[in-house]
Amino acid sequence: MKHSPLFFLAALAAAAVSCGTKNLSGEEIIRTFFSHADDLGMKVIVETSVTGGGLYEEGADLEALISRQQDWMRRLHGRYGLHPSFAGWYYGNEINPVDTLDVAKSLFWRTLWGASSVTARELDPEDVTTISPFFILDTEEWRGFRYFQPEEYRVWWAESLRAGGIDILMLQDSGAEHQAFFTLEQRRPFMQAFADACREAGSEFWVNVETGQVRAKDWPDAVAMEKERRRAWEFTPIDFLARKLALAAEYATGTINWGYYPLMTPTDGVTVSLKDIDGQKAIDLSTRKENYEAYRAYVATVPAEPAPGQLTRPVLGGTLWWLPQGIDSLPRKAAVRALCEELDALHAVGIDLVILGALPQYFGE
């Protein structure tokens, strides 16, 4: 049985007393995060240690990856898994689409995920396993990547979800390219394909509704921006975001988000991760506050229950948050306050699930 939040707050208080005014340790950073999430009734899904989408192409040793992953999951769960907020695992492997005939690559990923999911079930059968893949909307292959038909995604992911023991697939709704000129109707066939794959595999289908996009006019403009490393990222205008959320609600039983960081968080300081994208100048605090308030105002208009034809409310249920470097350079009180302010801001707009990444820097491999 998972302990109450008071258990962990008492432990944190004891640690603070024993350590005086020193900076937070990595242990305390993670414990503080979970403890405050406990207090708020939030849930936390943890990114696993074996991340990256190019492991197969790099010739990584699969058995070594599995061993490292399992060891890390067991140690982390042993330390933090009893928190009421601990809800499961996120496989941070954003892979390019895989050809259904590419047996070796398919087996690599399915074996890695499957072994990780076995470990997750052993640690706590109630904890979920999740992944957030993308699709490619570049039909003319401007960027040099093969365009895959929606049906190809359905076939590959239905088998991969089954073999990988993945409970929830959270589809990135802006594809690999994140272009502002993508339409809702371009997205719809991919939503259907991934929803069908989840239904066939017995998994849940969620949508990662992104609140960041690249402001390009068309594909030639987008390719030039990427080549010259000057992609113009912006917050998705709230009226279009509302339409994206409505589309997601037609197909998905839950939502998460990428884009709260770096484009929406109303707090500032070292605990705010991803304050820039692709090296673009950091998004200033006043703009982030405006974006946050625009979303807060939108949420206030959304009915408490899904409308007819919707499977979930058209709001952001969770978000991705990678802990940045440097939190352990702050004095204890400042670090605790900053972490708690971040979670409070999320909770205030109904974002009560955090997918927490970059943990190995504070809980080493």
Side-chain angles (χ1 to χ4, degrees), residues 8 12 15 23-37 43-83 85-95 108-109 111-120 122-124 127-133 164 166 170 256 258 260-262 270-276 318-330 332 335-336 338-339 342-343 353-365:
F8 295 103
L12 181 60
N23 298 344
L24 279 185
S25 65
E27 157 91 17
E28 290 174 302
I29 289 167
I30 302 172
R31 183 155 26 102
T32 297
F33 192 98
F34 277 108
S35 295
H36 198 59
K43 295 297 181 184
V44 181
I45 292 174
V46 174
E47 183 180 28
T48 54
S49 62
V50 176
T51 61
L55 298 173
Y56 176 81
E57 289 77 7
E58 295 163 8
D61 184 324
L62 180 57
E63 291 187 6
L65 289 179
I66 290 171
S67 177
R68 192 177 92 205
Q69 177 100 306
Q70 292 176 327
D71 175 69
W72 191 85
M73 289 173 69
R74 289 176 180 129
R75 289 189 295 110
L76 186 130
H77 194 275
R79 189 72 59 85
Y80 308 107
L82 290 179
H83 279 270
S85 56
F86 193 102
W89 307 94
Y90 170 64
Y91 300 148
N93 307 118
E94 294 188 34
I95 61 175
F108 177 93
W109 289 113
T111 302
L112 173 62
W113 298 330
S116 303
S117 295
V118 167
T119 301
E122 291 173 352
L123 294 170
D124 189 336
D127 290 342
V128 297
T129 54
T130 69
I131 196 165
S132 186
I166 298 173
M170 307 174 294
I256 63 162
W258 174 83
Y260 185 90
Y261 302 101
V270 71
T271 60
V272 180
S273 61
L274 295 176
K275 293 167 73 174
D276 64 84
T319 197
L320 293 145
W321 179 359
W322 288 271
L323 288 175
Q325 295 181 354
I327 300 175
D328 50 358
S329 68
L330 290 176
R332 173 172 285 103
V336 169
L339 284 167
E342 291 280 307
L343 287 171
L353 168 66
V354 174
I355 297 177
L356 187 62
L359 284 180
Q361 65 184 307
Y362 295 114
F363 187 81
E365 296 190 49

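Below, each value reflects all heavy atoms present in this structure, side chains not excepted, and no hydrogens, waters or symmetry copies. FYI, the numbering just counts along the sequence from 1.
- When all heavy atoms of Glu47 and Gly92 are compared, the closest pair comes out as OE2-CA, 3.5 Å.
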Exercise for review: Could you check Gln69 against Ser49 for side chain to side chain contact (heavy atoms under 4.5 Å, CB included), going step by step and ending with a plain yes or no?
Suggested key: CA-CA 6 Å; Gln69 177 100 306; Ser49 62; 3.5 Å; yes
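- Using a 4.5 Å heavy-atom threshold, the side chains of Val44 and Trp321 count as separate.
- Across Ile327 and Ala335, no two heavy atoms sit closer than the pair O-CB, 4.1 Å.
- Minimum heavy-atom separation, Val270 to Pro324: O-CG, 2.9 Å.
- In this structure, Thr32 contributes its side chain and Glu28 its backbone to a donor-acceptor pair below 3.5 Å.
- The backbone N or O of Val50 lies less than 3.5 Å from a partner atom in the side chain of Asn93, making a donor-acceptor pair.
- Contact between Val354 and Phe33 at its shortest, heavy atoms only, is CG1-CZ, 3.7 Å.
- Rounded to the nearest 0.5 angstrom, Leu359 CG and Leu323 CG are separated by 5.5 Å.
- Under the 4.5 Å side-chain criterion, counting only non-hydrogen atoms from C-beta, Leu82 is not in contact with Tyr80.
- Residue Leu76 holds its CG atom at 9.5 Å from CG of Leu123, rounded to the nearest 0.5 Å.
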Exercise for review: Using the side chain to side chain contact (heavy atoms under 4.5 Å, CB included) rule, take Ile355 and Met170 through it: C-alpha gap first, then chi angles, then the decisive distance, then the call.
Suggested key: CA-CA 11 Å; Ile355 297 177; Met170 307 174 294; 3.5 Å; yes
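- Between Tyr91 and Ser117 the shortest heavy-atom distance is OH-OG, 2.8 Å.
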Exercise for review: Check step by step if side chain to side chain contact (heavy atoms under 4.5 Å, CB included) holds for Leu339 and His36.
Suggested key: CA-CA 9 Å; Leu339 284 167; His36 198 59; over 6 Å; no
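- In this structure, Arg31 CZ and Arg79 CZ are separated by 8.5 Å, a value rounded to the nearest 0.5 Å.
- A donor-acceptor pair is defined here as one N or O able to donate and one able to accept, closer than 3.5 Å; such a pair exists between the side chain of Trp72 and the backbone of Phe363.
- Rounding to the nearest 0.5 angstrom, the gap separating the CG atom in Leu112 from the CG atom in Leu65 is 6.0 Å.
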Exercise for review: For side chain to side chain contact (heavy atoms under 4.5 Å, CB included), just list the numbers for Phe34 and Val46, CA-CA rounded to whole Å, side-chain angles, deciding distance to a tenth of an Å, and then say yes or no.
Suggested key: CA-CA 11 Å; Phe34 277 108; Val46 174; 3.8 Å; yes
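- Note that CD1 of Ile29 and CZ of Arg332 are 10.5 Å apart. Values are rounded to the nearest 0.5 Å.
- Just one residue in the list Gln70, Arg68, Glu63 forms a side chain to side chain contact (heavy atoms under 4.5 Å, CB included) with Ile66, and that residue is Gln70.
- Partners of Trp89 under the ring-ring contact (aromatic ring centres under 6.0 Å, His included) rule, at least two apart in sequence or in another chain, are Phe86.
- The minimum heavy-atom distance linking Ala87 with Ile45 is given by the pair CB-CG1, 4.1 Å.
- Residue-environment remark: CD (Glu122) exceeds the threshold of 12 foreign heavy atoms within 6.0 Å.
- Interatomic distance, CG of Leu330 versus CG of Asn23, reported as 7.0 Å (0.5 Å rounding).
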